[in-house]
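Structure, as structure tokens:
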Amino acid sequence: MLVDYTTLTRRATDRLIEFPGRPLMMGVVNVTPDSFSDGGRYLDSDAAVAHALRLVEEGADLLDIGAESTRPGADPVDELEECRRAIPVVAAVAKAVRVPVSIDTSKASVAQAALDAGAVLVNDVTALRGDPAMVQVIVRMGAGVVLMHMRGTPRTMQQQPSYEDVVGEVSAFFDERIRFALSCGLVQKQIVLDPGIGFGKLLEHNLMLLAQLDRFTGFGCPLLVGVSRKAFLGQLVDQPVQERQWATAAAVAMAVERGAGILRVHDVRAMREVMQVTMAISQATARPMKAQHA
Ligand code: HH2
């Protein structure tokens, strides 16, 4: 089943994120030396901006700019350094393209600077639990927010994660985080949910979350899914990170079919085609059969 988010909009300053009746492709721009798949490639601002523009040409509907890796075991980055890396890129990209820009950060000061520089969405992998000042920045700026499920922190999250019922636990987490966000003054239309594939989860947990993704559509918020090139795919197909495009395609197709509203991907052109074909098939099977001619 596919959720139609056509009428949903979320606002930061005067810019809207619109859902045109199909999932959105969010292109990843990592201004980091150590991201798991492309660390160091776009650390230079000009290279990051050029990469962002290329992703838009490839069909990105949104861009997610991040300057601190969240890969398992990653070292934290201080806020000055995170701002130094991210903000010039956010400012240049927001000026150069019409697609909405998201800032991938857990720090309120970085989020504030990025929103001032033209970002409209804050992708907070701590779901407002990391920095107590974050929620008020988002309320004040009218930005969107991604509330992602994560067990522990990037440093610790892959140390023997265990769940009784991973889908139920992520669902309860969304419920609690939405209540918290609303109690702080956010409105539902500002919220995007993300099960946090690979964040404190073993292979079986990631597979179960993807298999039952449609369980989360009942919250009435778009679902963001980030599977691109991740380690669980490498476990299934025994391929290094740069060779996981086919594996990513399969996971993107399944996520689209089960109700994902935003796909966070590195390979925008290819995954956009995967999304288009998956949508066409889903929509065809959802329509009543016409009489067949022999
Ligand atoms: N995955 C990564 C980073 N940020 N944010 C959300 N909301 N959901 C995700 O699944 C997600 C995310 C990891 O990917 P990448 O940015 O390529 O790597 P790194 O964190 O090492 O920079």
Side-chain angles (χ1 to χ4, degrees), residues 17 23-43 48 51-52 55 60 62-77 81-82 85-86 89 100-107 110-111 114 119 121-130 134 138 143-151 153-155 157-158 170 173-174 177 191-201 205-206 209-210 213 216 221-234 240-242 244-245 248 251-252 255 260-268 271:
I17 297 176
L24 301 180
M25 304 308 293
M26 172 186 259
V28 179
V29 181
N30 284 323
V31 197
T32 58
D34 56 348
S35 285
F36 80 96
S37 82
D38 54 6
R41 282 188 70 182
Y42 312 114
L43 187 53
H51 180 59
L55 293 181
L62 310 174
L63 292 167
D64 189 33
I65 300 176
E68 177 177 41
S69 172
T70 53
R71 74 183 157 73
D75 285 324
V77 176
E81 174 61 9
E82 198 178 330
R85 291 180 192 168
V89 179
V101 173
S102 157
I103 177 74
D104 187 350
T105 188
S106 306
K107 297 186 188 77
V110 179
L121 180 67
V122 178
N123 176 17
D124 180 4
V125 297
T126 73
L128 305 174
R129 296 171 302 160
M134 181 67 103
I138 294 167
V145 64
V146 179
L147 301 178
M148 194 196 79
H149 178 270
M150 170 167 53
R151 210 20 117 56
T153 65
R155 229 171 210 296
M157 65 191 180
Q158 290 307 105
V170 171
F173 175 84
F174 285 158
R177 285 290 87 195
I191 300 173
V192 174
L193 301 175
D194 181 345
I197 299 299
F199 286 84
K201 283 127 193 152
H205 305 135
N206 292 317
L209 287 167
L210 288 169
L213 194 70
F216 306 127
C221 299
L223 297 176
L224 189 154
V225 177
V227 289
S228 192
R229 303 179 183 171
K230 283 191 176 167
F232 81 102
L233 299 172
V241 76
Q242 297 304 333
R244 293 180 191 155
Q245 207 186 40
T248 300
V252 164
I262 304 177
L263 285 309
R264 185 182 182 279
V265 296
H266 302 89
D267 305 293
V268 168
M271 296 313 141

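When a ligand or atom number is given, it counts from 1 through the structure's own listing order.
At a 4.0 Å heavy-atom cut-off, ligand 1 touches M148 through the side chain alone. Looking at V125 against ligand 1, only its side chain comes within 4.0 Å, counting heavy atoms.
Atoms of ligand 1 found under 4.0 Å from any heavy atom of F199 (numbered from 1 in listed order, with element): 1 (N), 2 (C), 9 (C), 10 (O), 11 (C). Residue contact check: G226 has heavy atoms under 4.0 Å from atoms 10 (O) of ligand 1. Close contacts between ligand 1 and V146 involve ligand atoms 7 (N) [criterion: under 4.0 Å to a heavy atom].
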List the steps, then state whether side-chain contact (heavy atoms from CB on, under 4.5 Å) holds for V192 with C221.
CA-CA 5 Å; V192 174; C221 299; 5.9 Å; no

- [ ] Test M134 against V122 for side-chain contact (heavy atoms from CB on, under 4.5 Å), laying out the working first.
- [x] CA-CA 9 Å; M134 181 67 103; V122 178; 3.8 Å; yes

Any chance you could lay out the side-chain contact (heavy atoms from CB on, under 4.5 Å) test for V146 and D64, step after step, and finish with the verdict? CA-CA 11 Å; V146 179; D64 189 33; over 6 Å; no

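Taking a 4.0 Å cut-off on heavy atoms, E68 fails to register as neighbouring ligand 1. Distances shorter than 4.0 angstrom occur between a heavy atom of D104 and an atom of ligand 1.
Ligand 1 has a nitrogen or oxygen under 3.5 angstrom from a nitrogen or oxygen of N30. Checked against a 3.5 angstrom limit, the closest N/O atoms of S69 and ligand 1 fall inside it.
Among all non-hydrogen protein atoms, the one lying nearest atom 20 (O) of ligand 1 is T70 OG1, 2.6 Å. Ranking the protein heavy atoms by distance from atom 17 (O) of ligand 1 puts H266 NE2, 2.7 Å first. Counting only heavy atoms of the protein, atom 5 (N) of ligand 1 lies nearest to N123 ND2, 3.0 Å. Nearest to atom 18 (O) of ligand 1 among the protein's heavy atoms is F36 CD2, 3.2 Å. From the protein, the heavy atom lying nearest to atom 8 (N) of ligand 1 is D194 OD2, 2.6 Å. Looking only at protein heavy atoms, the nearest one to atom 9 (C) of ligand 1 is K230 NZ, 3.5 Å. For atom 22 (O) of ligand 1, the closest heavy atom belonging to the protein is S35 OG, 2.4 Å. Counting only heavy atoms of the protein, atom 2 (C) of ligand 1 lies nearest to R264 NH1, 3.3 Å.
The distance from atom CZ of R244 to atom CG of D267, rounded to the nearest 0.5 Å, is 12.0 Å. Taking CG of L210 as the start and CD1 of I197 as the end, the distance is 4.0 Å to the nearest 0.5 Å. For the atom pair L121 CG and I262 CD1, the distance stands at 6.5 Å (nearest 0.5 Å).
Closest approach of G196 and K201 over heavy atoms only: O-NZ, 2.8 Å.
When atom types are taken as modelled, the side chain of K230 and the backbone of S228 share no donor-acceptor pair closer than 3.5 angstrom. Proximity of a side-chain donor or acceptor of T105 to a complementary backbone N or O of A111 within less than 3.5 Å is not detected. A distance-only check finds no donor-acceptor pair linking the side chain of R264 to the backbone of L224 [under 3.5 Å].
The aromatic rings of H51 and Y42 sit parallel, their planes meeting at an angle under 30°, below the 60° perpendicular limit.
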